[in-house]
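Everything numeric in this text was worked out from a predicted model, so none of it was measured. Order of appearance sets the numbers: ligands from 1, and atoms from 1 within every ligand.
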Amino acid sequence: MNLPFEETRKLGEATRAIHCGEGVDAETKAIRRPIVLANSFELNDTSETLPESFDWNNPNAFNYPRSRHPNARYLEERLAGMEGGEDCVVSASGVAAISGAFFTLLSSGDHLISSRICYIGIHGFLVEHFAKRFGVELTLVDTTNPAEVQAAVRPNTKLIHVETPANPTTLVSDIAAIAVIAKKIGAIFTVDSTFSGLVMQKPLVLGADLVMHSLTKYVNGHGDSLGGAVIGRKDLISQIRLAASVHLGATISPFTAWLLMRSSATLPLRMKQHCENAMTLARFLEAHPKVKFVRYPGLESHPQHAIAKQQMTGYGGMINFGLKAGKSGYFPFLGALRVITHAVCLGHTESLVQFYPQEGNHPELGVLNYPEDIGEGFIRFSAGLEDIADLTADLAQALDQVPR
Ligand SMILES: *Cc1c(COP(=O)(O)O)cnc(C)c1O
């Protein structure tokens with residue numbers, strides 16, 4: 001197989017995950033892309049062609065790897081093909097990709113509307129830096145209600161940012177409905193789709209201009225690298241490529257790009273199993289007498305289940321649940337887990353849990369306060385790919401340690 005990118009991107013989803021950005025190396029005939037570690041590239045030698053070597057917006061013009069390097073480009077073709085976007089720019093982390101996009105697209109005096117519940121690093125960036133120090137007007141709203149987005153619109157609203165499903169709450173926002181609002185006012189509409197694992201929802205089809213992913217999560221999937229991507233309109237991606245890579249310098253390393261390329265090939269297959277395991281675990285938890293509430297977009301009881309059903313082809317691997325015992329229950333539960341690991345991050349092969357306490361000294365939670373119904377805290381559960389019987393047995397024995 002050595003189809004050009006424009007051909008591979010017309011193929012089916014599983015095929016795109018394997019073939020977009022992949023190809024036979026012209027020099028060695030290796031059927032895997034090599035890792036190119038060179039930190040300099042030979043330039044064009046004529047006065048007509050030399051400027052092409054320094055066209056920062058051309059993703060295939062390599063000169064210095066902070067601006068672009070081959071492994072980043074292969075990964076960008078893979079992700080653009082999988083997400084169905086015109087182009088993609090990858091960065092050193094999810095936060096680097098998203099903050100790089102905001103830096104590029106927003107100036108002081110512009111107004112930004114964002115999900116009130118969004119990834120804590122992005123929330124901190126927007127509140128502490130953009131709003132407090134750089135004069136970007138910021139309105140945080142509950143984007144699960146499109147009417148709140150509409151009500152927040154100002155004449156200078158430049159960008160609307162939505163995270164769905166949201167981290168950590170799994171709350172779902174209606175992408176198509178918010179796209180209509182953004183289009184009407186000519187604002188750029190960005191969606192952080194990390195929790196969808198890239199294959200379970202397609203925000204660009206629903207009207208988003210740009211989709212953002214922390215590649216650290218499902219795309220990597222194996223718990224061993226950091227990365228981020230912005231995918232969508234070519235004109236916007238070119239601007240972000242210049243600012244985020246050339247000017248801000250948050251470039252992904254060639255080795256990391258190669259690792260992400262490797263793991264993304266199995267993403268559609270892995271996501272199916274994450275979804276299946278999460279659904280079974282959510283139902284198991286919902287039926288458990290010590291569990292106070294479960295939130296999973298695939299459950300009928302999820303507040304936005306109807307929207308999730310409409311805009312997602314699978315509900316992902318992320319679950320929230322609370323314990324009836326409240327504060328006295330969480331630490332015995334966490335301490336008793338044997339297969340499941342108490343650690344940050346998500347989307348790994350192995351199941352991970354993180355406790356989100358509602359009060360006390362928890363520097364990891366920063367300035368965020370999570371919704372009312374969470375009461376005395378909750379567990380964010382990232383359903384892994386282990387045998388489902390081992391996961392339910394581990395949960396059952398750990399829940400046995402929770403006082404009534
Ligand atoms: C983890 C995460 C990010 C940040 O990504 P990093 O790779 O950790 O920088 C952004 N958005 C969401 C929804 C995330 O889960």
**Request:** May I ask you to decide whether E77 forms a salt bridge with R33, counting only side-chain N to carboxylate O separations under 4.0 Å?
**Result:**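 Looking at E77 and R33, the cut-off is not met.
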
**Request:** State plainly whether the residues E300 and R283 are in salt-bridge range, i.e. N to O under 4.0 Å.
**Result:**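 Judged by the 4.0 Å cut-off on N to carboxylate O distance, E300 and R283 do form a salt bridge.
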
Identify the closest protein heavy atom to [atom]: which residue and atom is it, and at what distance?
| atom | value |
| --- | --- |
| atom 7 (O) of ligand 1 | T216 OG1, 2.6 Å |
| atom 2 (C) of ligand 1 | K217 NZ, 2.5 Å |
| atom 8 (O) of ligand 1 | Y119 OH, 3.9 Å |
| atom 12 (C) of ligand 1 | D192 OD2, 3.5 Å |
| atom 6 (P) of ligand 1 | G94 N, 3.3 Å |

**Prompt:** Counting from 1, what ligand 1 atoms have a heavy atom of G227 closer than 4.0 Å?
**Reply:**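 Those of ligand 1 that fall under 4.0 Å from G227 are 7 (O).
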
**Request:** Within a distance under 4.0 Å of any heavy atom of N167, pick out the atoms of ligand 1 and give their elements.
**Result:**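 Selected atoms, number and element: 13 (C), 14 (C), 15 (O).
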
Using a plain distance cutoff, I'd like to know if [X] has any nitrogen or oxygen under 3.5 Å from a nitrogen or oxygen of ligand 1.
| X | result |
| --- | --- |
| E163 | no |
| A96 | no |
| V95 | yes |

**Asked** Below 4.5 Å, heavy atoms only, C-beta onward: do F333 and F355 meet side chain to side chain?
**Response**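 F333 vs F355: side chains apart.
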
**F102 side chain reached by L126 side chain, heavy atoms, under 4.5 Å** =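 L126 vs F102: side chains touch.
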
**Message:** Please report the interatomic distance CG(L285) to CZ(R295), rounded to the nearest 0.5 Å.
**Reply:**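 Interatomic distance, L285 CG to R295 CZ, rounded to 0.5 Å: 13.5 Å.
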
**Asked** Got a second to check how far L215's CG is from T194's OG1, nearest 0.5 Å?
**Response**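 Going from CG on L215 over to OG1 on T194, the span is 8.0 Å.
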
**Item:** Contact with ligand 1 for I122, non-hydrogen, under 4.0 angstrom
**Value:**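 I122: no contact with ligand 1 (<4.0 Å).
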
**Prompt:** For Y119, is the NZ or CZ atom of K217 found under 6.0 angstrom from the centre of its six-membered ring and inside 45 degrees of the ring axis?
**Reply:**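 The answer is yes, since K217 meets both limits relative to Y119.
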
**Message:** So for atom NZ, which belongs to K290, do other residues, nucleotides or ligands contribute more than 12 heavy atoms lying within a distance under 6.0 Å?
**Reply:**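 Above 12, so yes.
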
**Request:** Indicate, as side chain, backbone, both or neither, the part of M212 found under 4.0 angstrom from ligand 1 when only non-hydrogen atoms are considered.
**Result:**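 No part of M212 comes within reach of ligand 1.
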
